[in-house]
Amino acid sequence: MKFTRPRGTSDILPEQQKYWNYVLDTAKNTANKFGFQSIETPTFEDTNLFKRGVGEGTDVVMKEMYSFNDLGGDSITLRPEGTASVCRAYIENGMKNQPQPQKYFYNASMFRYERPQAGRLREHHQFGCEIIGDENPEYDAEIIQLGWKYIKNLGLRSVKLKINTLGDSKTREKYLRDLSNYYKQFIHKLPKIDSVRLARSPLRLLDSKEAVTKELSSDAPKSVDYLSEESKIHWERLISLLNKFAENNEDFHYEIDNKLVRGLDYYNRTVFEFIPKNSGTQGTILGGGRYDPLIEMLGGTPTPGIGFGSGIERMIIELKKQKVEIPGNQTIDVVIIHMGEVLEELWGLISDLRDNGLSTVFAPNRSMKSQMRYANNINAKIAIIVGPDEISKESVNIKDLSSTGSQKEVNLESDVIIRYIENIL
RNA sequence: GUGGGUGUAGUGUAGUGGUUAACACGUCUGGUUGUGGCCCAGAAGAUCGAGGGUUCGAGUCCCUCCAUCCACCCCA
């Protein structure tokens with residue numbers, strides 16, 4: 001084979017489209033219910049936007065970015081995530097002059113140079129939502145509820161919500177110091193990977209998979225115990241709002257997980273993740289958190305924000321796994337079966353059928369039997385059969401392709417035909 | 001980036017080192033004049049992931065590369 005798709009990318013074939021349409025329609029409808037509006041930003045941005053926003057020390061920036069110099073010599077990067085771009089757009093377009101907070105959603109390709117495996121691609125799609133311009137915990141609760149509703153509306157079950165708070169930047173410093181000092185006591189016991197990680201990002205040790213580290217982590221300092229007064233109030237308020245929400249939504253559950261960390265630098269306070277039970281290692285289906293420092297880091301006036309990203313491909317994997325019923329693909333209403341040189345006589349009719357909302361195709365120019373088989377194979381509902389006989393009588397034969405198979409001859413007049421067909425459908 | 005598994009028509013599979021690589025589904029064509037689904041018959045479709053090597057002989061054994069899957073890592 002001469003050409004194959006680049007590693008870690010995928011072709012989304014027609015038969016898969018029903019999943020995509022279903023997920024995206026559900027996403028959009030749910031977000032609209034919460035007052036979110038669609039936003040789109042460029043596929044590539046100035047490399048520095050991500051270095052600054054996502055964080056120079058993160059894996060995403062250090063080794064996963066698709067960066068290149070364009071012909072003008074500027075360093076460009078295919079976006080690895082959505083939030084930095086949306087915040088850039090917010091700043092650049094003066095959105096702080098709109099009513100606050102602003103609520104956006106987007107669906108876009110994300111690019112990360114990673115080793116592909118199931119649920120992890122080099123190009124993947126994310127549906128994301130952001131609330132920018134208000135730091136109150138009501139919005140934390142709202143965005144989490146939106147995430148939950150979205151998953152719920154898709155028909156997924158057994159999805160676990162984990163939440164945690166990382167505190168704000170001031171208290172985080174002290175927490176990180178204590179946390180890293182805690183692990184340092186056991187430095188000789190730590191596995192290699194984790195002793196390396198300790199220097200770079202001590203938070204990561206909390207969700208380490210190494211048995212030794214796991215055990216140590218259970219007694220490690222918790223970020224909840226380091227919260228400033230404001231952050232503590234924020235956190236408690238969020239919890240109480242979630243409890244309130246649970247009263248009206250019996251199957252809404254959350255689990256506070258002090259070991260939950262997220263890989264991007266801009267998160268503070270609330271972080272959360274939705275994970276299907278029994279999912280593999282690439283399980284997270286939706287994840288996000290608060291990023292109050294981000295806009296200022298990008299050069300805007302200090303403006304708080306919170307949001308999430310959710311992988312469409314992972315969502316579809318889960319829908320298939322749980323065998324959720326998905327509305328079917330595009331169907332064909334009418335197939336024109338034509339014998340002899342009559343197709344031209346029907347050209348106007350075909351156009352009229354389409355104009356009246358009936359999806360219509362003509363069968364390929366083959367034997368009649370073959371044309372009927374074609375009609376059957378594409379799951380068409382109605383066949384309009386025309387040959388020289390019908391043309392001379394100025395009529396057509398209309399056959400119902402459902403189980404009845406009944407057939408009737410009607411005049412070759414678009415109005416009459418359309419009325420007759422609409423009656424059957 | 002690290003470790004392991006896998007790689008045979010469009011898809012899913014079979015194939016003790018030995019003639020023209022098999023089966024199912026799908027596609028196409030027929031099964032008397034212009035009627036689908038079921039059934040029957042036939043056809044097309046694979047340089048056995050790529051390139052080297054061992055051998056009289058390789059889909060089968062060895063090496064390299066590529067892709068894919070699993071775990072690490074990371075994250076959606």
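Every chain is numbered from 1 and lettered A, B, ... according to where its sequence line falls, protein lines coming before strand lines. Worth knowing before you read on, the calculation uses all heavy atoms, side chains too, and leaves out hydrogens, waters and symmetry mates.
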Distance, P atom - from B:U47 to B:C72, rounded to whole angstrom:
37 Å
Considering only B:C28, B:C74, B:G31, which nucleotide approaches the side chain of A:N377 most closely?
B:C28
What is the base-pairing partner of B:U54, counting Watson-Crick and G-U wobble geometry with both distances under 3.5 Å?
none
Centre of A:Y226's six-membered ring, under 6.0 Å away, within 45 degrees of the axis: is that where NZ or CZ of A:K174 sits?
no
On a whole-Å scale, what distance lies between the C1' atoms belonging to B:A21 and B:G45?
14 Å
Can you say whether a donor on the side chain of A:K369 sits under 3.5 Å from an acceptor on the base of B:U35, or the other way round?
no
Taking the minimum atom-to-atom distance to the side chain of A:N376, which one of B:U27, B:G37, B:C72 wins?
B:G37
Can a donor-acceptor pair be found, under 3.5 Å and without considering hydrogens, that links the side chain of A:K103 to the backbone of A:F34?
yes
Please answer whether the main-chain N or O of A:G8 pairs with a side-chain N or O of A:E123 as donor and acceptor at a distance below 3.5 Å.
no
So does A:S370 get a side-chain nitrogen or oxygen closer than 4.0 Å to the phosphate oxygens (OP1/OP2) of B:U29?
yes
Using the C1' atoms only, state how far B:G49 lies from B:U8, rounded to an integer number of Å.
10 Å
Could you tell me which nucleotide pairs with B:G36 by Watson-Crick or G-U wobble geometry, both distances under 3.5 Å, or answer none if nothing does?
none
Which of these nucleotides, B:G1, B:G31, B:A76, is closest to any side-chain atom of A:R115?
B:G1
Considering only the P atoms, how many Å lie between B:G59 and B:G17, rounded to the nearest integer?
13 Å
Can you find a donor-acceptor pair, distance only, under 3.5 Å between A:E390 side chain and B:G34 base?
yes
Which one, B:G1, B:G31, B:G34, comes nearest to the side chain of A:Y113?
B:G1
Under 4.0 Å: is that the gap between some side-chain N or O of A:R112 and OP1 or OP2 of B:C74?
no
Euclidean distance for P, B:G36 against B:U27 (whole angstrom)
16 Å
Charged N to carboxylate O below 4.0 Å: is that the case for A:D292 and A:R290?
yes
Among the nucleotides B:G34, B:G31, B:C74, which one has an atom lying closest to any side-chain atom of A:M339?
B:G34
Mind checking the C1' distance from B:G51 to B:G7? Whole angstroms is fine.
15 Å
Nearest-nucleotide wise, let me know which of A:D59 and A:G387 is further upstream toward the 5' end of RNA chain B.
A:G387
With no hydrogens and no angle check, just 3.5 Å: does a side-chain donor-acceptor pair link A:T284 and A:R314?
no
I want to check one thing: is the phosphate of B:A67, taken as OP1 and OP2, less than 4.0 Å away from some side-chain N or O of A:R7?
yes
OP1 or OP2 of B:C74 versus the side-chain N and O atoms of A:K63: is any pair under 4.0 Å?
no
Interatomic distance at C1', B:G26 relative to B:U64, whole Å
36 Å
Is A:Q407 touching bases, backbone alone, or none of the nucleic acid, heavy atoms closer than 4.0 Å?
base
Distance only, no hydrogens: is a donor on one side chain within 3.5 Å (strictly under) of an acceptor on the other, for A:H124 and A:Q126?
yes
If you check the A:D389 side chain, which of B:G34, B:U68, B:C73 turns out closest?
B:G34
Per side-chain hydrogen bond (donor to acceptor under 3.5 Å, both in side chains), A:S231 is matched among A:R269, A:R172, A:K170 by A:R269
For the residue pair A:D140 and A:H234, confirm or rule out a side-chain donor-acceptor distance under 3.5 Å.
yes
Taking the P atom in each of B:G15 and B:U54, what is the distance between them to the nearest angstrom?
29 Å
Assign each of A:G309 and A:T9 the nucleotide of RNA chain B bearing its closest heavy atom; nearer the 5' end lies the nucleotide of A:T9
Considering every strand and a 4.0 Å limit on heavy-atom distances, what is the contact class for A:G340: base, sugar-phosphate, or nothing?
nothing
If B:G17 has a Watson-Crick or G-U wobble mate with both distances under 3.5 Å, name it; if not, just say none.
none
Side-chain N or O of A:Q117 less than 4.0 angstrom from OP1 or OP2 on B:U68?
no
Check: B:C73 base within 3.5 Å donor-acceptor of A:R120 side chain
yes
Under 3.5 Å, is there any donor-acceptor pair linking the side chain of A:R314 to the base of B:C75?
yes
Does B:A44 pair with anything, Watson-Crick or G-U wobble, both distances under 3.5 Å, and if so, with which nucleotide?
none
Watson-Crick or G-U counterpart of B:A71, or none if no pair lies under 3.5 Å
B:U2
B:C66 phosphate, OP1 or OP2, under 4.0 Å from A:T4 side-chain N/O
no
Suppose we call a contact any N or O donor and acceptor under 3.5 Å apart; does that hold for the side chain of A:R366 and the base of B:U29?
no
Identified pairing partner of B:G7, criterion: Watson-Crick or G-U wobble below 3.5 Å:
B:C66
